[in-house]
K.L.:
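Sharing a structure below in structure tokens format, with a few things to ask.
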Amino acid sequence: DKMAAKPLKWRFDLTAPSSDEPKPKIDADKLKAPGDVAISAVDARTSKAEATNQRELKMKKGWEAAVAPANQLFMLGLMAWMIPHQASLISLSIVIVTFMGPFKAVASVNSVFAGLADENGSTSYLLHYKIIYILLNLVGCAIGLWKLSKFGLLPITQADWISWYSVPEPLQMSQGVSTM
């Protein structure tokens with residue numbers, strides 16, 4: 001019975017009448033922890049950090065876009081190696097696709113990096129990534145050109161240009177006579 005009469009310390013009676021005593025005013029400066037700073041200072045730091053993180057993320061995505069053609073080079077080389085050296089309709093169509101895919105990618109380099117533009121809409125900070133992208137695509141074009149040369153469709157030998165060579169006029173002429 002002793003316990004029933006004594007109220008528990010952690011218990012709060014909601015039915016008890018409220019006291020009319022004025023509540024003390026809480027000073028916000030007293031509630032600050034030692035490391036607290038003003039919200040505007042936090043916003044300035046976070047916006048600067050977010051801008052830095054955003055730029056780093058764009059640089060990372062730019063690098064991924066720049067080296068994306070390198071992932072295709074092995075496949076293009078394998079396809080070019082596996083295609084027979086005879087010029088047939090299927091072989092030529094595959095080689096033309098192999099050649100034209102990277103060529104179209106080089107033509108649309110700005111659209112690939114357009115999503116990575118900075119606040120001013122400029123992608124000039126990604127110039128070295130664009131150059132890497134173009135070079136890797138040109139390697140893909142070189143694979144297509146190599147296969148076209150293996151087909152004999154590129155004029156790279158001296159025999160391909162023989163019609164433009166002029167026959168030199170002989171300075172002397174000799175004739176042999178045969179008697180039988």
Side-chain angles (χ1 to χ4, degrees), residues 32-171:
K32 282 187 181 179
D36 282 352
V37 292
I39 292 176
S40 61
V42 170
D43 286 343
R45 273 193 251 147
T46 55
S47 65
K48 202 180 275 188
E50 285 175 5
T52 304
N53 289 342
Q54 187 76 4
R55 183 152 175 115
E56 288 175 4
L57 182 64
K58 285 183 180 183
M59 296 289 277
K60 184 177 178 182
K61 291 294 180 184
W63 177 251
E64 289 174 6
V67 297
N71 299 334
Q72 300 171 4
L73 290 179
F74 178 73
M75 183 206 50
L76 290 175
L78 185 66
M79 282 178 34
W81 179 67
M82 300 271 298
I83 296 172
H85 293 302
Q86 297 92 6
S88 67
L89 185 62
I90 294 173
S91 304
L92 283 174
S93 63
I94 291 173
V95 170
I96 288 172
V97 168
T98 301
F99 177 70
M100 292 304 290
F103 187 71
K104 287 180 183 177
V106 168
S108 64
V109 67
N110 285 330
S111 63
V112 170
F113 291 96
L116 302 172
D118 59 3
E119 299 84 29
N120 303 330
S122 172
T123 58
S124 62
Y125 70 98
L126 297 170
L127 182 63
H128 54 286
Y129 292 150
K130 288 181 181 182
I131 292 171
I132 292 170
Y133 181 81
I134 290 170
L135 289 175
L136 288 173
N137 276 303
L138 289 178
V139 170
C141 287
I143 291 172
L145 286 174
W146 168 76
K147 192 60 180 182
L148 285 175
S149 72
K150 289 294 183 183
F151 283 158
L153 297 176
L154 293 180
I156 56 172
T157 63
Q158 198 173 26
D160 295 326
W161 302 96
I162 197 102
S163 63
W164 282 284
Y165 287 133
S166 61
V167 179
E169 195 67 34
L171 296 175

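These numbers were taken from a predicted model, which means no experiment stands behind them.
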K.L.:
State the CD1-CE distance between Ile94 and Met79, to the nearest 0.5 angstrom.
P.N.:
5.5 Å
K.L.:
Enter the distance from Ile96:CD1 to Phe99:CZ here, rounded to the nearest 0.5 Å.
P.N.:
9.5 Å
K.L.:
Which distance, rounded to the nearest 0.5 Å, do you find between the CH2 of Trp146 and the SG of Cys141?
P.N.:
15.5 Å
K.L.:
Is the NZ atom of Lys61 crowded by more than 12 outside heavy atoms at less than 6.0 Å?
P.N.:
no
K.L.:
Nearest 0.5 angstrom please: Ile131 CD1 to His128 NE2, how far?
P.N.:
9.0 Å
K.L.:
Please determine whether side chain to side chain contact (heavy atoms under 4.5 Å, CB included) holds for the pair Tyr165 and Ile162, giving the CA-CA distance in whole Å, both sets of side-chain angles, and the decisive distance to 0.1 Å.
P.N.:
CA-CA 5 Å; Tyr165 287 133; Ile162 197 102; 4.2 Å; yes
K.L.:
About how many Å separate CG of Leu116 and CG of Leu57, when rounded to the nearest 0.5 Å?
P.N.:
8.5 Å
K.L.:
Looking only at non-hydrogen atoms, find the nearest pair between Trp63 and Tyr129 and report the distance.
P.N.:
CE3-CE2, 3.4 Å
K.L.:
Taking OH in Tyr125 as the centre, count heavy atoms belonging to other residues, nucleotides or ligands within less than 6.0 Å. Is the count above 12?
P.N.:
yes
K.L.:
How far apart are the closest heavy atoms of Pro102 and Leu76, and which atoms are they?
P.N.:
CG-CD1, 4.2 Å
K.L.:
Looking at every heavy atom in both Ile143 and Ala80, which two are closest together, and how far apart are they?
P.N.:
CG2-CB, 3.8 Å
K.L.:
Tell me the closest heavy-atom pair linking Ile83 and Lys147, and the distance in Å.
P.N.:
O-NZ, 2.7 Å
K.L.:
With no hydrogens and no angle check, just 3.5 Å: does a side-chain donor-acceptor pair link Lys104 and Asn137?
P.N.:
no
K.L.:
Would Met59 and Leu126 satisfy side chain to side chain contact (heavy atoms under 4.5 Å, CB included), going step by step from the backbone distance to the final call?
P.N.:
CA-CA 7 Å; Met59 296 289 277; Leu126 297 170; 4.1 Å; yes
K.L.:
Provide the closest heavy-atom pair for Ala70 versus Leu136 in the form atom of the first, atom of the second, distance.
P.N.:
CB-CD1, 3.9 Å
K.L.:
Working note: Lys130 + Asn110, criterion side chain to side chain contact (heavy atoms under 4.5 Å, CB included); need CA distance, chi angles, decisive distance, verdict.
P.N.:
CA-CA 8 Å; Lys130 288 181 181 182; Asn110 285 330; 3.1 Å; yes
K.L.:
Which atoms form the tightest heavy-atom contact between Ala65 and Tyr133, and what is the distance?
P.N.:
O-CD1, 3.2 Å
K.L.:
Does atom CD of Glu64 have more than 12 heavy-atom neighbours, drawn from other residues, nucleotides or ligands, at distances under 6.0 Å?
P.N.:
yes
